[in-house]
Colleague: 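Quick one: structure below, then a few questions.
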Amino acid sequence: YQVFLAPFINNDQKLTGVLSVFHDITTIQENYERQVDFVSNASHELATPLTSIQGFTETLLDGALEDPELSYKFVDIIHTEAQRMNRLIKDLLLLAKLDSAEYRSQVKKEPLSLYEILNSVKYKLSPQFQAKNQTFLLLPINTDLTLHANYDWILQVIINLGENAIKYTPNDGEIILNAWEEDRTIYISIKDNGIGIAASHLPFIFERFYRVDKARSRNAGGSGLGLSLVRFIVEILGGKIDVTSEVNKGTTFILSFRK
Ligand code: ADP
């Protein structure tokens with residue numbers, strides 16, 4: 001609590017009373033701490049690839065450049081790390097934009113064909129699932145299904161979920177994308193038969209920078225912000241996201257939007 005005290009003193013300079021105001025600052029304090037946490041996490045995430053870029057550049061300058069094979073290997077690492085930083089910065093900028101009420105109110109919403117969106121997601125993700133020899137199945141969905149939303153946002157949401165499904169599913173695995181309408185609600189589901197998420201981690205996966213396995217996420221090029229962005233956007237659009245998962249069996253994310 002923050003406490004304000006104001007004494008009441010009469011004409012004879014006698015204390016006649018005290019006004020006390022107790023201000024509950026728990027939420028302010030919590031928000032502040034969350035902000036500090038966020039900045040420290042973001043800085044750490046940016047520093048990790050940068051340190052690696054710096055290290056490999058110095059090694060190259062110190063003589064490794066003479067060895068073409070080694071040079072190639074190091075430059076490849078530098079390139080990957082720079083891509084990771086780029087992705088993280090993009091995600092951070094999007095989060096900052098979404099935090100602004102003004103930006104959110106200006107975003108255009110329109111009726112979108114889910115058939116078109118899901119086909120476009122599959123097309124955009126094809127290099128990634130083909131590289132892992134995975135099956136990416138888009139179930140035959142009703143071509144009339146429409147969702148009132150913002151095109152870029154909903155595309156980003158489904159692409160993020162699709163990228164995760166690919167990342168966290170071994171080679172030759174299977175990912176199934178589906179959409180349907182039931183009781184005036186539009187559902188979109190993404191199901192994989194990958195590594196799954198243990199029940200103890202499940203409640204936290206939508207938190208910013210939370211990862212079940214830091215090393216695996218980093219190696220796969222994750223920023224740790226993907227699912228927090230997904231949930232943020234879905235909630236702004238008035239929808240809901242649910243997840244069920246079983247370790248070594250797979251994970252299913254279901255988005256739902258009431259009409
Ligand atoms: P990241 O950039 O690390 O993928 P996300 O916010 O997208 O960050 O996801 C948070 C964590 O949730 C991941 O690090 C991973 O441990 C877990 N996760 C997300 N999607 C899946 C999935 N389809 N299968 C298994 N684990 C997943």
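Counting starts at 1 for both ligands and their atoms, following the listed order. Owing to the predicted nature of the structure, the values given are computational and were not obtained by experimental measurement. We're numbering straight along the sequence, starting at 1.
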Colleague: Can you tell me the protein heavy atom closest to atom 26 (N) of ligand 1 and the distance?
Modeller: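 Protein heavy atom with the smallest distance to atom 26 (N) of ligand 1: Ile197 CG1, 3.2 Å.
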
Colleague: Taking the side chain from Asn133 and the backbone from Asn171, do they hold a donor-acceptor pair closer than 3.5 Å?
Modeller: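 No.
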
Colleague: Return the residue, atom name and 0.1 Å-rounded distance of the protein heavy atom closest to atom 7 (O) of ligand 1.
Modeller: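 Answer, as residue, atom name and distance: Asn164 ND2, 2.9 Å.
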
Colleague: Are more than 12 heavy atoms, taken from residues, nucleotides or ligands other than His79, located less than 6.0 Å from that residue's NE2 atom?
Modeller: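 No.
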
Colleague: Counting only heavy atoms closer than 4.0 Å, does ligand 1 sit against the backbone of Val212, its side chain, both, or neither?
Modeller: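 Contact part for Val212 vs ligand 1: both backbone and side chain.
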
Colleague: Taking non-hydrogen atoms only, is Leu227 closer than 4.0 angstrom to ligand 1 via side chain, backbone, both or neither?
Modeller: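 The part of Leu227 near ligand 1 is both the backbone and the side chain.
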
Colleague: In chain order, what residues pass the side chain to side chain donor-acceptor pair (under 3.5 Å) check against Lys240, with sequence neighbours excluded?
Modeller: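 Applying side chain to side chain donor-acceptor pair (under 3.5 Å) to Lys240 gives Asp242.
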
Colleague: Pull out every atom of ligand 1 sitting under 4.0 Å from any heavy atom of Ser223, numbered as shown with elements.
Modeller: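 Taking each heavy atom of Ser223 in turn, ligand 1 has 2 (O) under 4.0 Å.
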
Colleague: Take Phe257 and Tyr187 through the test ring pair (Phe, Tyr, Trp, His ring centres under 6.0 Å) and record every step on the way to the result.
Modeller: CA-CA 7 Å; Phe257 298 90; Tyr187 294 91; 9.4 Å; no

Colleague: Which residue and atom name correspond to the protein heavy atom nearest atom 4 (O) of ligand 1, and how close is it?
Modeller: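 It is Tyr168 OH, 2.8 Å.
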
Colleague: Any atoms of ligand 1 less than 4.0 Å from a non-hydrogen atom of Lys167? List them with their elements.
Modeller: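 So the atoms of ligand 1 that pass are 1 (P), 2 (O), 4 (O).
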
Colleague: Considering non-hydrogen atoms of the protein only, which is the closest contact for atom 12 (O) of ligand 1, and what is the distance?
Modeller: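 Protein heavy atom with the smallest distance to atom 12 (O) of ligand 1: Ile205 CG2, 3.7 Å.
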
Colleague: What is the closest protein heavy atom to atom 23 (N) of ligand 1, and at what distance does it sit?
Modeller: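 Residue, atom and distance for the closest contact: Asp192 OD2, 2.9 Å.
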
Colleague: Per the side-chain hydrogen bond (donor to acceptor under 3.5 Å, both in side chains) rule, what does the pair list look like for residues 202-213, sequence neighbours excluded?
Modeller: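 Non-adjacent pairs meeting side-chain hydrogen bond (donor to acceptor under 3.5 Å, both in side chains): Glu45-Arg211, His201-Tyr210, Arg211-Ser217.
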
Colleague: Give a yes-or-no answer on whether the side chains of Thr185 and Asp183 include a donor-acceptor pair shorter than 3.5 Å.
Modeller: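 Distance-only check fails for Thr185 and Asp183.
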
Colleague: Any atoms of ligand 1 less than 4.0 Å from a non-hydrogen atom of Tyr210? List them with their elements.
Modeller: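 So the answer, numbered in order with elements, is 10 (C), 11 (C).
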
Colleague: Against heavy atoms of Gly226, which atoms of ligand 1 measure under 4.0 Å?
Modeller: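 Ligand 1 atoms under the 4.0 Å threshold to Gly226: 5 (P), 6 (O), 7 (O).
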
Colleague: With heavy-atom distances below 4.0 Å as the criterion, list the atoms of ligand 1 near Arg211.
Modeller: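 In order of numbering, the contacting atoms are 3 (O), 14 (O).
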
Colleague: Please determine, by modelled atom types, if Gln54 and Glu58 share a side-chain donor-acceptor pair under 3.5 angstrom.
Modeller: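 No.
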
Colleague: Whether the side chain of Gln134 engages the backbone of Ile175 through a donor-acceptor N/O pair (distance < 3.5 Å, no angle test) should be reported.
Modeller: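 No: the side chain of Gln134 does not pair with the backbone of Ile175.
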
Colleague: Test Glu102 against Arg104 for salt bridge (Lys or Arg N to Asp or Glu O under 4.0 Å), laying out the working first.
Modeller: CA-CA 5 Å; Glu102 199 189 335; Arg104 294 200 303 255; over 6 Å; no

Colleague: Nearest to atom 3 (O) of ligand 1, what protein heavy atom do you find, and at what distance?
Modeller: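 So the nearest neighbour among protein heavy atoms is Ser217 OG, 2.5 Å.
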
Colleague: Taking only heavy atoms of Gly224, which atoms of ligand 1 are found under 4.0 Å from at least one of them?
Modeller: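 Once the distances to Gly224 are compared, the set is 1 (P), 2 (O), 3 (O), 6 (O), 8 (O).
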
